[in-house]
**Student:** 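I have a structure I would like to understand better, so I am pasting it below and will then ask my questions one at a time.
The shown structure was predicted, so the numbers you read here are calculated from the model rather than taken from an experiment. Side chains included, hydrogens not; waters and symmetry mates left out as well; all remaining heavy atoms used. When a ligand or atom number is given, it counts from 1 through the structure's own listing order.
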Amino acid sequence: MLYTHHAGHIIPRFFPRLTWQKPTEEKVIYLTFDDGPVPVVTEFVLEQLHLYDAKATFFCVGDNIVKHPEIFAKILAEGHRIGNHTHNHINGWQHDNEVYYENIIKCDEAITQSLQELNLPFVNLPRLFRPPYGKITPLQVDRLINDYEIVMWTVLSGDFDVELAPSECLEKTIYHTNKGAIIVFHDSVKAEKNLTFALPRYLDFFASRGYRFATL
Ligand SMILES: [Zn+2]
C-alpha cells in the first residue's frame with residue numbers, strides 16, 4: 001500500500017501552512033482518531049484513553065455524528081477535542097471546491113446541532129480540520145486557512161491497512177513517534193483489528209516512559 005508512516009521532511013515543506021507536528025521538548029503526544037464516531041470501535045478507544053487519563057482529538061465525519069449522537073456526546077463528556085473531517089468523508093482532489101466547502105460546512109452544522117441538543121456550549125466548535133485521505137489542494141488551503149487550523153500528521157499508524165500485521169502497525173507507530181508528534185489512528189470498522197491490538201500497547205509503551213497524551 002502506498003503511504004509512508006512518517007510524514008518526513010519533504011511533504012511538510014511543500015505545505016508549511018498546515019500543522020504536521022507541535023514542536024516541543026516536553027514528553028507529549030497528540031493522538032488523533034479519524035472517521036468516527038461509530039459504535040464499538042469509538043467506545044473501545046474511549047475506554048483505552050480513560051485508562052491512561054489520555055486526552056485526544058477526534059476528527060469526526062458529520063454523517064457519523066448524526067447517526068451516533070450518543071457516542072459523539074461521550075467523546076465530549078470525557079474531555080476530548082473534536083475536529084471537522086467533512087460530512088461525507090470526501091476527497092478534496094476529486095470534488096469541485098464549492099462542493100468540498102459545503103461538505104465541510106455541513107459537518108460543522110452537524111456538530112453545532114449536536115451541541116445544541118446536548119445543551120453544551122459552543123466552545124467545542126471545531127477550529128480544526130483534517131482533509132480526508134490527506135488530500136487538499138493549495139487553493140482549498142487558501143480558502144480554509146483563515147477558518148481552520150488544518151491538521152495533517154507526523155505519523156500514520158497504518159491501522160486501516162488490512163495487509164499490515166497488528167504487531168507491525170504497533171512497532172512502526174512507536175518507532176516514528178517523537179515529542180510533539182501528531183499520530184493518526186482510525187476509530188473505524190476497517191481499522192478495528194490493528195487498532196485494538198496497537199492502541200492499548202502504544203498507550204502503555206509511552207505512558208510507562210513518562211509521556212502524556214493531550215488534545216491539540
Ligand atoms: Zn478519514
**Student:** Under 2.8 Å from the Zn ion (ligand 1), is there an N/O/S atom belonging to H186?
**Tutor:**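 So H186 does not count as coordinating the Zn ion (ligand 1).
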
**Student:** Between the side chains of Q113 and E117, is a donor N or O closer than 3.5 angstrom to an acceptor N or O?
**Tutor:**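 Yes, side-chain donor-acceptor contact under 3.5 Å.
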
**Student:** Specify which N/O/S atom of H85 comes nearest to the Zn ion (ligand 1), by atom name.
**Tutor:**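 Minimum-distance N/O/S atom of H85 relative to the Zn ion (ligand 1) is NE2.
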
**Student:** By atom name, which N, O or S atom of D35 is the nearest to the Zn ion (ligand 1)?
**Tutor:**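 Result for D35 and the Zn ion (ligand 1): OD1.
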
**Student:** Just checking, R201 and F205: is the charged tip under 6.0 Å from the six-membered ring centre and within 45° of the axis?
**Tutor:**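 Geometry flag: not set, cation outside 6.0 Å or 45°.
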
**Student:** Between K22 and E149, is there a side-chain N and carboxylate O pair less than 4.0 Å apart?
**Tutor:**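 Looking at K22 and E149, the cut-off is met.
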
**Student:** Does a salt bridge link K106 with D63, judged by any charged N lying under 4.0 Å from a carboxylate O?
**Tutor:**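 Judged by the 4.0 Å cut-off on N to carboxylate O distance, K106 and D63 do not form a salt bridge.
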
